Structure formats: structure tokens, C-alpha cells
Amino acid sequence: MTAEGVRSTGRVPGRLGGVARVVENHWEWYRRNWRATAVSTIVQPLLFLLAFGVGFGALVRGSGQAAAATGGADYLAWLAPGLLAMSAVQTGAFDSTYPVLSGFKWQRTYSAMTAGPITPGQVALGHLGWLAVKMAGAGLVFVAVIALLGGATGAGILVSVPIAVLTGVAVAAPITAYSATLETEGASFPAIFRFVVIPMTLFSGTFFPVDRLPELVRPLVWVSPLWHGTELARPVALGGPWPAWPAVVGHVVFLAALLAAGTALAVRTFTRRLAR
Amino acid sequence: MADGLVQARGLTKRFGRVEAVRGIDLDVGRGEVFGFLGPNGAGKSSAMRMIACVSPRTAGDLQVLGLDPDRDGPAVRARIGVVPQLDNLDLELTVRQNLHLYGRYFGLPRAAVRAKAVELLEFARLTERADDEVEPLSGGMKRRLTIARALVNDPELLLLDEPTTGLDPQARHLVWERLYRLKREGVTQIVTTHYMDEAEQLCDRLVVMDGGVIVAEGTPRELIERYSTREVLELRFEPEHRPAGDALAEVLAGRVDRVEDLPDRLLVYTADGDAAQAAVAAAGHRPLAALVRRSSLEDVFLRLTGRTLVD
Ligand SMILES: Nc1ncnc2c1ncn2[C@@H]1O[C@H](COP(=O)(O)OP(=O)(O)OP(=O)(O)O)[C@@H](O)[C@H]1O
Ligand SMILES: [Mg+2]
């Protein structure tokens, strides 16, 4: 019973190990509580798919104009990769607002994580890492349903899943960083959805090609991560037609840069918030 | 200092223009239970969070487990246990899951965490509720779970910020008994509290903080001897018969140390409570109730901070 007898079993789990522990926590939480969010991550994109792909698709099928817009592809097949990217973006945006603020403020689970050897930066990375896992899982479910509905033209659509994940996490990262700076949600989160997420989902070429938009607003589309993601995910899923290679590089660089900058910012804002 | 688990010199914390901790010195030895007493806003939690290597210090020197929190924060945090002032349990997970996941943060293997959770559930008397969600548990159960969770890594240093605030007397005694057990096992503890009986029960040594500085330090006994008289006469009056504290002090001049005028009662500090009580009666005052008792930390606290412990 000497005082020196006390020896802690705790150790620092390492840089990636710490991130993995945070992802594990999110997974355990999800396993128990997934029903509450299944509607927004899986059912909602499927409803979109049914309404637009099947319903609206039947309306425009055989019309020369629709075929011209989709480059000859069936509307459902053309829409599917766009919806895949869109639902990843919506998951990324939603899960990086209220749940992040809750981690700081309402449930304070982030402060529990950083009471041990996990760093605030690892909490931020773990959050984004978990979102990537969740988007990939939801994406695969989505692809399976599309295939059942006859909207998959080939295995290429599987490759558009990681592209959708990249797009979703690229959107999630800066929003996560921003949420970490808020003391109360106030009007900020509704504003993000109203003025960023919804316009982005409507005008990023998900439902119709952006060249149908007036010349004047088209530059606005270029700053939409969802447009960049859709421009990559669609030819991959349909097996073409491929944009010029500088455009492909541009899309990838845009998304990667957004992800890198957003992640770096999130690590900073988490650190500032938790270490004070 | 070789055996010092926590050593601070001129430890300071500023939040913008608020100086929460204003240059405190601390030495906490291995196996010791050390207390922070102080009114609301004294800077207790701010000091604890710096020692917990969560909140970076603004100035001063700090060593915890012989390491510098600024450089080796994660390494220190891996070996300590923290019970924060506000519970931060995951309310939508079960009691057991909370222990499992928390243990995983400390790099523990799954099997080790599972075994440890069984032991900690027993420790916190929560075995019955192990697979219930945390949300509907009572405040006392949540607090016990937070304490149990802090032990998942067998910490060498345990930091408890108001461990029993909000608990009923029975739950508090259970917590005290558990903390005493840990002390016997050699776990060093730093406790903040608003309860002087808790401080007297648990702490080998304590400091009284006020306004970000340490105003007194010593064992409970030393502090009482240094800052209070042997006995205290407590007097309650009907409002219309209540003498002013100053007036009473004048009547009792020579016999008493000082008189504290509290909203609900007067406290007369004296070596001989019965003599003072007789003198009060001789002067024609008719108290509703009079009680002679020994001085406690509460009196030390009142003397040093001008405030009662719980306000
Ligand atoms: N994160 C923060 N930002 C700004 N000010 C803070 C912060 N944390 C504490 N303070 C301020 O620092 C001072 C000391 O607060 P602290 O929480 O350390 O006191 P305490 O002794 O723990 O009080 P209590 O008994 O009420 O828990 C207070 O004036 C408080 O408002
Ligand atoms: Mg406090």
C-alpha cells in the first residue's frame, strides 16, 4: 500500500489512434441512436430519387430536350450520382452544426474526450473522419437502391461514392470550424441552410445541367463544392462523357483545398474552444 | 520537490480582462488529499483546469507529475482522473458504454476496459443500472458515474471539482467513503468544495482562495487555531429585538474576539462561550436561541473572505 504503488494504466493513444478513438465513440453512439438520423441520411435522398428520378424522370423520358440536357443518358441514371453527392453534402452540413455545438455546449462530450490524452484537434479530425465513414455507408445503401431501381449503368457508380464523400467532408470541414466558434446557435444555423445549403443543392447541376442557368449567375456555380463534386461523380458513374482534364484537376483541387483549409481551421477553432 | 505531484509558482490565469487566478503557489505531495475552499468565482475551477492540463496558464510555472502541461499535456492527462464541476456524460449512451468509451480514450484495450467497467460499476453502486441510458438517472447517480469514469485509467492524481454538490447526505457519505478508500490506496487527490465538513473529512491540507489568490493555507486544525477562537456563540433574535453587531461587541468588550453580523444570526467569537452568553443576558438582550459550539472551517472561511461558504 505504498504511495509509489499507484501506477496509471493510461497511455497516449498516438496521433491517428486518438482520432480513431473519437471515430469509435461516434460509431458507438450511432449504433445505438441511428434511427433518429436515418431519415435524413438515407430516407430523404431516396425520396428525392423516387420523386425526381422516377416520377419526374417518367415525365421527361422520351422528350428530346431532356436527352439533350443529359447527354443522352436516362434521367434516373443521370440524376443518381448527383443525388449521391447532394446527400453527402446535406449530411455534412447538418451533422456539423447542431451536433457540434452540442458537443461543446449542451452535452459537453468534447470536454470529456479532451480531459484524457485526446487533443482538441483529434476531436475535430475524429468528427470529420466519422462523417466520412457515415457518408460512405449511406452512399453504399443509396447505390444499392439505385441499382434495384435500374438507375445504375455500370460499376462506375461505386467510384462516385468516394467522390461524394470527398465533397461532403469538404463542405462539413469549414462548417465544423465555424460551429466551434459559436456560443449559441442563434440565427446562424438556419442561415447556413437557407442561404448556403439549399441554394447549393438547387443550382449545382444535381437536377439539371448548369448550362441551362443564365450566363450571369454561372460564376456563382463555380464556388459551389457540390457542383465540383457532381461534375466528377457523374461521368464516373455514367462512364462519360469526360470533361477536359484541366477541368477534372480543377474540381479535385478545389475540393481538396476546401477540405484542407476547413480541416486546419476546425483544428484551430476546436483547440481555441476547448483549451481556455 | 522530488515527491511533489503538483508544483505551481506564480500560477496565473486571465480571461480577457478578468484575472481568475492571480499568482498562486502550490505544492501537493504524493498520496496527499489537498483541498481548495473558496466562494463562488474565487478561481478554484480555473486553477483545477490548469492543473488538469486542459486550460493553458497565462503566466507562472506549473509542473504536474513532474511534467510541463504546455509541453506534455496529453502524457499527463493520460495518467490523471478528472471530475469536472459540470457532468459531461454522454446522456444517450448507457452507463456501461460511458465507462467503456471513456476508457478507450486512454489507450486501454477493449478487454481491459470491459473488466474495469465491472469493477467501477460496483464501486459506484451502479451495477443494477449498468445497461440503462444515462439521461434518466438521478443527479447523484450521474455524479457517481462521473467519479467512477475518472478512475478508469487508475489515475495517479485525481482532480475533483465539487464532487458532492447537489447530492443528498447519504450519497455524499458514500462518495466520501469511496474517496477515502482511494486515499488509502495512495491516490493523490485535489478537491474543491463549498462544504466545510467535506473539507474537514477529506483534506489533509487545504488552501482558502478568494479573488484569485490564496488567503490561507494549512491543515483544517491549523487553520481553525490560527484564524478563529476556541468557541463560538451563535445568537438568533426576533428582528425587533436584535441588537446591531457593533453594539453587542461593545457590550462584550474584553470578553470576545469579534462579532459577525450575518443576515440570520450573530456569531460571537470567544474563548469562553458560556461566559459570553451570560454577559449577553446580563446586558438585557433576550435571544430567541443561543448555542455554544466549537469553531469550524466555516468560521475560518467567514473570517478570511467575509462570506459564508454556501451562498
Ligand atoms: N471560460 C471563461 N471565460 C471567461 N471568464 C471565465 C471563464 N472561466 C472562468 N471565468 C471567470 O473566472 C473567475 C473565476 O471562475 P472559477 O470558475 O474559476 O471560480 P470558482 O472558484 O470555481 O467558482 P464556483 O465556486 O462558482 O465554481 C470568474 O470571474 C469567472 O467568471
Ligand atoms: Mg468552480
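So that the names make sense, note that chain A is the first sequence line, chain B the second, and so on, each numbered from 1. Just so we're clear, the structure is a prediction, and the values are computed from it rather than from any experiment.
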Kindly give the heavy-atom pair with the smallest separation between [X] and [Y], and that separation in Å.
X        : Y        : result
A:Ala115 : B:Tyr102 : CB-OH, 3.6 Å
A:Met113 : B:Tyr105 : CG-OH, 3.3 Å
A:Trp29  : B:Leu93  : CA-CD2, 3.7 Å
B:Asn88  : A:Ser111 : ND2-OG, 2.8 Å

So for A:Asn33, is it side chain, backbone, both, or neither that comes closer than 4.5 Å to the heavy atoms of chain B?
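Only the side chain of A:Asn33 comes within 4.5 Å of chain B.
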Identify which part of A:Arg32 has an atom lying under 4.5 Å from any heavy atom of chain B, answering side chain, backbone, both or neither.
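For A:Arg32, the contact with chain B is made by the side chain alone.
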Exceeds 12 heavy-atom contacts within 6.0 angstrom, atom [atom1] of [X]:
X        : atom1 : answer
B:Arg125 : CZ    : no
B:Trp176 : CH2   : yes
A:Arg272 : CZ    : no
A:Leu202 : CG    : yes
B:Arg14  : CZ    : no
B:Tyr180 : OH    : no
A:Arg268 : CZ    : no
B:Glu128 : CD    : no

Check: [X] side chain, [Y] main-chain N or O, donor-acceptor pair, under 3.5 Å:
X        : Y        : value
A:Arg108 : B:Asp87  : yes
A:Ser8   : B:Asn153 : yes
B:Arg49  : A:Arg276 : yes

May I ask you to test the B:Arg77-A:Thr119 pair for a side-chain heavy-atom distance under 4.5 Å?
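In short, these two side chains touch, coming nearer than 4.5 Å.
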Can you tell if the side chain of A:Pro117 reaches within under 4.5 Å of the side chain of B:Phe106, non-hydrogen atoms only?
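Of all side-chain heavy-atom pairs linking B:Phe106 with A:Pro117, at least one is under 4.5 Å.
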With only heavy atoms counted, which part of [X] is less than 4.5 Å from chain A, the side chain, the backbone, both or neither?
X        : answer
B:Glu156 : both
B:Leu89  : backbone
B:Val152 : backbone
B:Lys13  : side chain

So, B:Arg104 and A:Glu28, do they make that salt bridge, N to O below 4.0 Å?
no
Chain A contacts, top residue of B:Leu101, B:Val76, B:Ile80, B:Thr188 (heavy-atom pairs, under 4.5 Å)
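Of the candidates given, the most pairs with chain A belong to B:Leu101.
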Measuring from atom CG of B:Asp90 to atom OG1 of A:Thr109, what distance do you get when rounded to the nearest 0.5 angstrom?
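Result: 5.5 Å between the selected atoms.
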What distance separates A:Asn25 CG from B:Gln97 CD, expressed to the nearest 0.5 Å?
9.5 Å
Give the member of A:Ala275, A:Gly14, A:Ala20 that has the highest number of heavy-atom pairs under 4.5 Å with chain B.
A:Ala275
